[in-house]
Amino acid sequence: MPELPEVETVRRGLEKMVLGATIEHVEALYPKIINGDPKKFCCLLKERRILSIDRRGKYLIFNLSGELSLISHLRMEGKYFVKLSSDPLEKHTHIVFSLQGGRQLRYNDVRKFGRMELVPTSHKYEVPGIKKLGPEPTSASFDAVAFYQHLNKKKKAIKTALLDQTLVAGLGNIYADEVLWLSHIHPETPACHLDKEEAVQLHDYIIMELAKATKAGGTTIRTYTDAFQHLGSFQFDLHVYGKKGKPCERCGASIEKIVVGQRGTHFCPVCQKVK
DNA sequence: TCTCTTGTTGGATT
DNA sequence: AAATCCAACAAGAG
């Protein structure tokens with residue numbers, strides 16, 4: 001599932017392959033992927049050049065010539081491929097961007113949950129979803145004290161708080177479970193029960209873990225691949241996600257799986273204490 | 001064949 | 001306002 005490290009890996013791959021390319025023609029085979037009028041979407045993209053590719057949280061942002069930006073969210077299983085126009089269309093490819101020179105950028109999404117939309121570049125951070133995002137999880141923009149103060153006002157479970165994207169951007173179900181295990185924090189702990197020391201610890205692990213996972217090219221659990229169709233390797237560094245019934249690497253207790261905020265949640269019942 | 005599970009976001013409901 | 005629930009989908013497991 002593409003969380004921040006996977007989206008960043010996709011972004012870097014796309015940057016290598018389609019930066020500077022000009023879009024000749026766009027076809028929406030499954031138009032519901034597009035927010036707004038699909039005809040207008042395809043029409044507006046013609047003759048635009050891809051000037052840069054950005055990421056904010058789990059959103060990809062293609063900045064195009066003529067002050068237009070394409071915002072794309074992969075949700076569960078969205079993928080981008082770059083193929084020759086002559087290559088047979090793969091199953092579940094929904095949007096095809098034909099590029100000058102005979103290549104195509106293809107958006108593929110088994111679950112059809114992903115979304116994309118066009119906005120003026122000046123408004124790229126103002127779209128709903130991006131506007132409410134918390135800081136990027138880097139030491140430069142993610143402040144530990146602010147994080148602690150923010151947590152202090154929330155009564156919901158820390159796991160749920162980490163997923164809501166307003167405290168910090170980019171964590172999804174896998175990395176949320178992982179950073180809580182690393183921090184010895186039980187996922188159901190009300191966010192406001194964390195003391196400053198625990199919040200700082202969690203903050204540090206969030207930055208470290210996402211950086212480490214990005215370096216590994218992300219985590220491939222089911223089907224994730226980057227734009228080169230390469231698998232990530234961080235699944236070998238996971239401690240709790242998908243480890244139900246396996247011994248905890250720290251204390252040997254059996255990893256449990258429960259539901260927190262309607263999400264599958266993995267934790268060690270012994271070394272992640274409830275507070 | 002049917003049911004359950006998978007995860008992200010946004011909108012509706014409480 | 002904040003917390004909670006569900007829909008948007010497809011596929012694989014049992």
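Below, read A as the first sequence line, B as the second, and so on, with proteins coming before strands; counting in each chain starts at 1.
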Mutual orientation of the aromatic rings belonging to [X] and [Y] [parallel < 30°, tilted 30-60°, perpendicular > 60°]:
X      : Y      : value
A:F62  : A:Y80  : perpendicular
A:F142 : A:F147 : perpendicular
A:Y30  : A:H94  : tilted

So, A:D177 and A:K159, do they make that salt bridge, N to O below 4.0 Å?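 Result for this pair is yes, salt bridge flagged.
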
Could you check whether A:R115 gets within reach of a base, just the sugar-phosphate, or nothing at all, counting any heavy atom under 4.0 Å?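 Since no nucleic acid heavy atom lies under 4.0 Å of A:R115, the category is nothing.
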
Just checking A:E3: base, sugar-phosphate only, or nothing, at a heavy-atom cut-off of under 4.0 Å?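 Counting heavy atoms under 4.0 Å across all strands, the contact made by A:E3 is with sugar-phosphate only.
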
Within the structure, does a side-chain N or O atom of [X] lie under 4.0 Å from either OP1 or OP2 of [N]?
X      : N      : result
A:K112 : C:dA10 : yes
A:K153 : C:dA2  : no
A:H73  : B:dG10 : no

Nearest-Å distance for atom pair CD/C1', residues A:Q262 and B:dT14: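 One finds 13 Å between C1' of B:dT14 and CD of A:Q262, rounded.
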
d(CG, A:D164; P, C:dC5) in whole Å: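 So the CG-P distance, A:D164 to C:dC5, works out to 16 Å.
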
Would you sketch DNA chain C in dot-bracket for me? Only Watson-Crick or G-U wobble pairs with both distances under 3.5 Å count, crossing pairs as [ ], other-strand pairs as |, the rest as dots. .|||||||.|||||

What heavy-atom pair brings A:S69 and A:N63 nearest, and what distance separates the two atoms?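 Reported closest heavy-atom pair: OG-OD1, 2.7 Å.
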
So, the side chain of A:T189 versus the backbone of A:H186: is there a donor-acceptor pair under 3.5 Å, distance only?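 Between the backbone of A:H186 and the side chain of A:T189 there is a qualifying donor-acceptor contact (under 3.5 Å).
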
